[in-house]
Amino acid sequence: MNLKFYACSAMLLLTLASCKKENPASGGITTKEDSVKTLVVDSVKISDSVRLSPKLSLGYENTMLVFPSLKSKSVLDSIYFQYPELTDFSKTGVEKFLQNEKKNFFDNTRKDNEEWMAEDGSSVDGKWYENASMKVVSNKNGFLHIRYSGASYMGGAHDNYYFSERVFDLQNNRRLLLSDITTMPAEELSVLLRKNIDKNPGNASDDKGRIASSDMLLVDKIPATGNFYFDGQNLYFHYSPYEITAFAAGDIIIPVSWETLKSTLKPEFRKRMHLQ
């Protein structure tokens with residue numbers, strides 16, 4: 001073989017190696033959109049319980065997501081907004097943090113109820129608990145939707161629970177705000193929310209059947225909360241118990257169609273969501 005053959009072979013190998021790093025779908029260039037689509041998601045779950053008295057136990061459970069491929073500190077700080085003390089976002093860091101949270105919860109609950117338990121707590125039978133979790137609902141068009149939920153019971157008539165929705169713009173490395181979606185004034189949006197509150201079936205019922213959520217309202221005007229998310233059809237606003245209705249109504253999700261918001265949608269958002 002001659003030197004010309006070796007030179008050609010070397011050039012071919014270099015070309016093949018460089019092609020492996022390129023994305024044909026984007027014309028051979030790796031883009032920010034490609035990295036968004038390859039989002040890596042892991043999780044850490046901590047679950048434990050202790051005995052407060054012979055008849056009463058205390059449980060703790062927390063499932064937290066981990067995002068090894070996300071490097072933006074501003075996005076990560078916003079994702080873990082409930083835990084401002086968390087600074088190490090690795091799986092090991094999150095696990096260490098949750099173990100410490102669990103210990104503090106057990107220690108503080110025991111300390112706060114020590115006197116009460118000594119007096120009559122031994123007669124209480126059952127389980128107190130605190131649970132929390134994170135879940136990726138969707139990751140489309142560069143928008144990451146995470147749902148946070150939690151529940152707790154520390155005595156009383158019933159437990160309490162909550163939901164929090166957050167959407168992150170991974171192309172621009174920040175949390176998405178309602179103002180990034182629509183220019184509709186808050187007052188007009190409030191009117192739409194009041195009009196649409198019964199579009200989803202209510203959670204409460206009696207011997208006559210379902211009770212409309214509008215019949216259990218605690219507010220005159222429904223605020224356009226930052227607790228929102230969306231899909232290809234609607235923008236949804238999520239309200240936890242007691243936020244706008246009585247506890248029996250449960251959590252409330254109110255849809256507002258893109259068609260209704262059409263003239264007020266921001267051009268960039270409309271384009272990324274492929275809305276007509």
Side-chain angles (χ1 to χ4, degrees), residues 41-67 76-77 79-137 146-166 201-207 209-211 213 216 218 225 227 238-253:
V41 183
D42 203 347
S43 65
V44 173
K45 181 177 181 178
I46 300 295
S47 182
D48 201 356
S49 63
V50 296
R51 181 67 56 181
L52 292 180
S53 75
K55 295 182 179 181
L56 181 65
S57 65
L58 177 65
Y60 176 89
E61 185 173 299
N62 198 331
T63 301
M64 192 179 292
L65 299 180
V66 182
F67 302 90
L76 290 167
D77 283 340
I79 286 177
Y80 301 105
F81 71 100
Q82 295 169 305
Y83 306 101
E85 304 89 356
L86 177 61
T87 56
D88 183 351
F89 305 116
S90 67
K91 188 170 185 177
T92 301
V94 169
E95 183 171 10
K96 182 178 179 180
F97 177 82
L98 286 183
Q99 290 287 5
N100 189 57
E101 283 287 293
K102 179 196 72 173
K103 182 180 183 302
N104 289 337
F105 172 67
F106 286 160
D107 291 346
N108 291 335
T109 302
R110 184 182 285 110
K111 181 179 178 181
D112 292 344
N113 293 278
E114 188 174 14
E115 184 177 342
W116 172 79
M117 294 297 298
E119 293 179 357
D120 57 7
S122 60
S123 63
V124 178
D125 189 3
K127 181 177 182 178
W128 290 357
Y129 69 89
E130 181 174 286
N131 297 341
S133 66
M134 296 168 61
K135 176 184 177 182
V136 171
V137 180
I146 299 177
R147 174 170 294 150
Y148 306 78
S149 60
S152 65
Y153 179 74
M154 303 293 285
H158 57 73
D159 59 356
N160 292 295
Y161 62 97
Y162 71 88
F163 294 92
S164 180
E165 313 283 353
R166 285 203 167 201
N203 294 304
S205 61
D206 56 20
D207 56 355
R210 290 282 184 182
I211 300 175
S213 297
M216 307 186 77
L218 300 175
T225 176
N227 213 24
H238 199 169
Y239 301 87
S240 295
Y242 287 129
E243 196 170 352
I244 61 171
T245 57
F247 181 83
D251 60 303
I252 305 294
I253 298 176

What I'd like to find out is whether the side chain of [X] reaches to under 4.5 Å of the side chain of [Y], using heavy atoms alone.
X      : Y      : result
Glu130 : Tyr153 : no
Thr109 : Met154 : yes
Lys127 : Leu58  : no
Tyr129 : Glu61  : no
Val94  : Leu98  : yes
Asn131 : Ser152 : no

What is the distance from atom [atom1] of [X] to atom [atom2] of [Y], rounded to the nearest 0.5 Å?
X      : Y      : atom1 : atom2 : answer
Glu95  : Asn62  : CD    : CG    : 12.0 Å
Phe106 : Glu101 : CZ    : CD    : 12.0 Å
Lys102 : Asp48  : NZ    : CG    : 4.0 Å

Under the side-chain contact (heavy atoms from CB on, under 4.5 Å) test, which residues partner [X], sequence neighbours left out?
X      : result
Ala246 : Met216
Asp107 : Lys103, Arg110
Asp42  : Val66, Lys91
Glu165 : His145, Arg147, Asn227, Tyr229, His238

| field | Results of ring-ring contact (aromatic ring centres under 6.0 Å, His included) for Tyr148 - residues two or more places apart only | value | Phe81

| Sequence neighbours excluded, which residues qualify as ring-ring contact (aromatic ring centres under 6.0 Å, His included) partners of Tyr60? | Phe105

| said: For a side-chain contact (heavy atoms from CB on, under 4.5 Å) check, start with the C-alpha distance between Thr87 and Phe97, then their side-chain angles and the critical distance, and finish with the verdict. | reply: CA-CA 9 Å; Thr87 56; Phe97 177 82; over 6 Å; no

| task | Ignoring hydrogens and angles, state whether a donor on the side chain of Gln99 or Lys96 is under 3.5 Å from an acceptor on the partner side chain. | result | no

| request: Decide whether Thr245 and Ser213 meet the rule of one side-chain donor and one side-chain acceptor closer than 3.5 Å. | output: no

| message | How close do Gly155 and Trp128 get, counting heavy atoms only, and between which atoms? | response | N-NE1, 3.4 Å

| Shortest non-hydrogen contact from Tyr161 toward Gly250 | OH-CA, 3.3 Å

| task | Evaluate the side-chain contact (heavy atoms from CB on, under 4.5 Å) criterion for residues Ile253 and Tyr239: first the C-alpha distance (whole Å), next the side-chain angles of each, then the deciding distance (0.1 Å), finally the verdict. | result | CA-CA 6 Å; Ile253 298 176; Tyr239 301 87; over 6 Å; no

| said: Run the side-chain contact (heavy atoms from CB on, under 4.5 Å) test on Ile79 and Ile146 for me, step by step, so that the C-alpha distance in whole Å, both residues' side-chain angles and the decisive distance to 0.1 Å come before the verdict. | reply: CA-CA 8 Å; Ile79 286 177; Ile146 299 177; 4.1 Å; yes

| query | Do Phe89 and Tyr80 have ring centroids that are under 6.0 Å from one another? | reply | yes

| Counting only N and O atoms by type, is there a donor-acceptor contact under 3.5 Å from the side chain of Ser240 to the main-chain atoms of Glu243? | no

| query | Are Ser149 and Ser133 close enough, and set up right, to give a side-chain hydrogen bond (donor to acceptor under 3.5 Å, both in side chains), and what steps lead you there? | reply | CA-CA 5 Å; Ser149 60; Ser133 66; 3.0 Å; yes

| Steps toward side-chain contact (heavy atoms from CB on, under 4.5 Å) verdict (Tyr242, Tyr162) | CA-CA 10 Å; Tyr242 287 129; Tyr162 71 88; over 6 Å; no

